[in-house]
Amino acid sequence: MSKPAQRNRLSLTGAAAATTAVALLLVGCHSSSTSKGVPAAAASAASAIAAAASAAGGSAGGGAAAASDAAGGSSDAGASGKPAVTCDQLTFADVQPFTIDKVSKDDVQLISIEGTSGETCAFSNGTDDGNAVSVEVVKGSGAAGAYADDVNSDSDGVVTVPGIGDKASREKGGAQLSALKGDVYCSTGVDDQMADIATLETAANGTTHIAEQDYQYTAIALGTLCNRIFGSGNTTPDLSALDADAAAASASASASASAAANSAAESAAAAPPSAAASS
């Protein structure tokens, strides 16, 4: 099972929001990231437009723009009414490396943090199983505060993640990422649908007690999504080290299981006949 989110950071959007009881390993939702100031009818219409765009084969770009225009902007919105920064830079192909299932849907929701508008984008396989990859972005006066709030809530310890924006971090024991570049805040994470994470957790007897370095590898790779939104830095995820650790953990777990089975078989063969069998 995945480690439950330690905080509410990312809003889970669209139809999937009501069904994401599955604990997210790497992503939650910002405590103030609700659609403040957005009428319920407009938010509902925005979600419907985004869903329709995704069903037509679009990425975050088309759905995000339509959803933002429908729901209206906030104090940091552009002249068109859409947020100053969106998930438009992310395509299904960009997100695909982080999930087992084929990405075919992006649920987009307009959000506001301290009067600063942005978007939450949840990429999934289009079922009600939960969100595979979630990204939250805002630009403006509330961005620095959103990042600081994430860092302050990392009660298990803060780990710096290099190469993402001006600064980025994650909580020790997890890989959900928070990043800041200028006045743009980006947060991203993935649940246990990520193949390597699932393999590592299985090898760890179904727990989240995996190596800290593997959380770091994952966070750095996820950070490439934020770099796409920032428009700078590495945008090509490298999961080779994580792949290697997952393969080694799987092989080790299989060898241990095989050794245990052989030991049990040898013990059974060496055991003296029971009294009932002797009589």
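We count residues from 1, following the sequence as given.
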Using 0.5 Å steps for rounding, measure from the OG1 atom of T120 to the CD atom of Q109.
6.0 Å
Hey, does E136 have a side-chain heavy atom less than 4.5 Å from the side chain of I111?
yes
Could you check if a side-chain atom of F230 sits within less than 4.5 angstrom of a side-chain atom of V184, using non-hydrogen atoms only?
yes
To the nearest 0.5 Å, atom CG of D149 lies from atom OH of Y185 at 8.0 Å
Looking only at atom types and distance, does a side-chain atom of T188 sit under 3.5 Å from a main-chain N or O of V135, one as donor and one as acceptor?
no
For S117 versus A84, what's the shortest heavy-atom pair and its separation?
OG-N, 4.2 Å
Is it the case that Y147 and S169 place a side-chain donor and acceptor less than 3.5 Å from each other?
yes
Would you confirm whether N234, through its side chain, and G163, through its main-chain N or O, come within 3.5 Å as a donor-acceptor pair?
no
Between OG of S104 and CG of N125, what distance do you get to the nearest 0.5 Å?
6.0 Å
Side chain proximity check, D214 to D196, heavy atoms < 4.5 angstrom
no
Decide yes or no for Y215 and R170: does some side-chain heavy atom of the first lie under 4.5 Å from some side-chain heavy atom of the second?
yes
For the atom pair SG (C121) and CG (L90), what is the distance rounded to the nearest 0.5 Å?
7.0 Å
Indicate whether any N or O donor in one side chain lies under 3.5 Å from an N or O acceptor in the other, for D94 and T91.
yes
Please check this pair: side chain of D183 against backbone of S141, looking for a donor-acceptor N/O pair closer than 3.5 Å.
no
Name the one of L242, L200, V161 that satisfies side chain to side chain contact (heavy atoms under 4.5 Å, CB included) with T218?
L242
So, D88 and T86: side-chain donor and acceptor under 3.5 Å apart, yes or no?
yes
Would you name the heavy atoms of E119 and C87 that are closest together and state the gap between them?
OE1-N, 3.2 Å
State, to 0.1 Å, how close A246 and T199 come at their nearest heavy-atom pair, and which atoms those are.
O-CG2, 3.5 Å
Of all heavy-atom pairs linking L222 and G189, the shortest is CD1-CA, 3.9 Å
Audit row: I197, I210, side chain to side chain contact (heavy atoms under 4.5 Å, CB included) steps and yes/no:
CA-CA 9 Å; I197 294 298; I210 66 178; 4.1 Å; yes
Should K102 and Q96 count as side-chain neighbours, where that means a heavy-atom distance under 4.5 Å?
yes
Can you see whether D238 engages S240 through a side-chain donor-acceptor pair at a distance of less than 3.5 angstrom?
yes
Calculate, to the nearest 0.5 Å, the distance between atoms NZ and CG belonging to K172 and D156 respectively.
8.5 Å
So OG of S134 and CZ of F98: to nearest 0.5 Å the spacing works out to 13.0 Å
Check: P97 and M194 side chains under 4.5 Å, non-hydrogen atoms:
no
Give a yes or no answer on whether the side chain of S250 reaches the backbone of A247 with a donor-acceptor pair at less than 3.5 Å.
no
Taking atom types as modelled, is there a side-chain donor on Y217 or D245 under 3.5 Å from an acceptor on the other?
no
Between L180 and V159, is there shared hydrophobic-cluster membership here, with clusters defined by ILVMFWY side-chain heavy atoms closer than 4.5 Å?
no
Looking at I164 and I220, what are the two nearest heavy atoms and their distance?
CD1-O, 3.9 Å
Closest non-hydrogen atom pair between P162 and Q216, with its separation:
CD-NE2, 3.6 Å
